[in-house]
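All figures in this text were calculated on a predicted structure; none of them were measured in a lab. In what follows, every chain begins at residue 1, and chains take the letters A, B, ... in the order their sequences are listed.
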Protein chains: 2
Amino acid sequence: MRVSRKQAEENRELVLKTAGKLFRERGFNGIGVADLMRAAGLTVGGFYNSFDSKDDLMAQACQMLIDDINNKWLGHIADPKIEDPYQRIGRTYLSKANRDNPGQACMFNTLASEVPRHQPELKQIFSDGTLTLIEHLATMMQGENDADRKNKAIATFSQWVGAQVLARATAGSALSEEILDVAKSTTNIT
Amino acid sequence: MRVSRKQAEENRELVLKTAGKLFRERGFNGIGVADLMRAAGLTVGGFYNSFDSKDDLMAQACQMLIDDINNKWLGHIADPKIEDPYQRIGRTYLSKANRDNPGQACMFNTLASEVPRHQPELKQIFSDGTLTLIEHLATMMQGENDADRKNKAIATFSQWVGAQVLARATAGSALSEEILDVAKSTTNIT
DNA sequence: ATTATCTATAGATCTATAGATAATGC
DNA sequence: ATTATCTATAGATCTATAGATAATGC
């Protein structure tokens, strides 16, 4: 029954990844610890070896999801093969594929509105994460100075988040695609 | 124990109003039927006389909350004492008071991201409600034609929703107020 | 010997229903 | 007689823990 330390660490990471997907798909309250462990191919008893509590898992999963976005964006910015990282990021962010697959898309669209109801640690992770994302976005914006670029990044990110939230809430109607299209044109995504 | 039909109808409406507040404060899964009835000064047994199920309550509460926004906006538009209804609406929407009191603010900020996970009836209510809100907002926008005004309304509403979601997720940090301020200036609210 | 994971379960929820109660409305 | 609401509870969750098991790592 016992597995190697390496395997145990891999299991912990698998649980984190599974949680990241299922929290985005079903919300923090929409997936229980036992079902989550089963989805990762494990059983509930092992959970508390890796995590102090479900709250601890939520915090770790959110930190991981924010790091994933940051690393993806930084990778795009650094990649010489990607000519215009801002276009690439915005096109993906506002795609119908992202709208229809919340489990793979930006966590802010699905989980940000639940954050204020949870523990301070989680709020801190979201606060810090939002700031970092906006700073990265700001480096890709055109503007006269840093403050101007930051403001543009804030406007752009708010628009993106709001558009995906509303596009999902109206999915199936013509309005849903209009919302994504308008967000693209407002934020200069072609 | 039995009350008059008038009183029973008033009780039903009180439960709806209480649900509207608590769903916005805690999410659909954050408040149970028994606690909700207690908050309304009643007990759980009476709930199923007024509602078929918790899903039914969610649908009715969301419809009521959307109607409330619509009626408030239409009232502002029709009120001769309000010089610029768009300014009035936007200033309230993006206020810190709204950020800090989700139980009294626009349901889209708190509940829209949960909608895709629930029953089709709820999705339909949100779809229809979003379209109606955008149409009302469009009448207050400046633009060359109907399509132009509708696009501006879509951009504005997405921006408002995204800004409040992010402002709440970052509440307590300086960024939170910056997000609200940027949304105001982007959507021409002074 | 240590420990990662397993099965089983305690105790606290949650939705929904059953049957009793007492006031309304014919 | 009817019925809106009450108390009590069934049955299904959910988080977390206890103790057993069997493989790792000294």
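Note on B:S4: only backbone sugar-phosphate atoms sit closer than 4.0 angstrom, heavy atoms only; bases stay farther off. Using a 4.0 Å heavy-atom criterion, one finds that B:G32 contacts the sugar-phosphate atoms exclusively. When heavy atoms are screened at a 4.0 angstrom cut-off, A:S50 is found touching no nucleic acid atom at all.
Positionally, the nearest nucleotide of DNA chain C for B:D52 lies more toward the 5' end than for the other of B:D52 and B:R5. Taking the nucleotide of DNA chain C with the nearest heavy atom to each of B:Y48 and B:K6, the more 5' of the two is matched to B:Y48.
Classification of A:R99 and A:E177 as a salt-bridged pair holds, one side-chain N sitting under 4.0 Å from a carboxylate O. With respect to A:E144 and A:R149, no salt bridge is recorded, no charged nitrogen being found less than 4.0 Å from a carboxylate O. With respect to the salt-bridge test (charged N to carboxylate O, under 4.0 angstrom), the residues B:K17 and B:E13 do not qualify. Electrostatic pairing of B:E114 and B:R26 does not count as a salt bridge here, judged by no charged N lying under 4.0 Å from a carboxylate O. By the 4.0 Å N-to-carboxylate-O rule, B:E9 lies close enough to B:R12 to be salt-bridged with it. Ion pairing between A:E25 and B:R117 fails under the 4.0 Å rule for side-chain N and carboxylate O.
Residues that satisfy the side chain to side chain contact (heavy atoms under 4.5 Å, CB included) test with B:T132, not counting sequence neighbours, are B:N70, B:H136.
Within the 3.5 Å criterion, the main-chain N or O of A:Q142 finds a donor-acceptor partner in the side chain of A:K152.
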- [ ] Using a 3.5 Å limit on both pairing distances, list the dot-bracket string of DNA chain D from the 5' end; Watson-Crick and G-U wobble pairs count, crossing pairs take [ ], interstrand pairs take |.
- [x] ||||||||||||||||||||||||..

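Bounding nucleotides for the chain B contact on DNA chain C, 5' to 3', at a heavy-atom distance below 4.0 Å, are C:dC14 to C:dC26.
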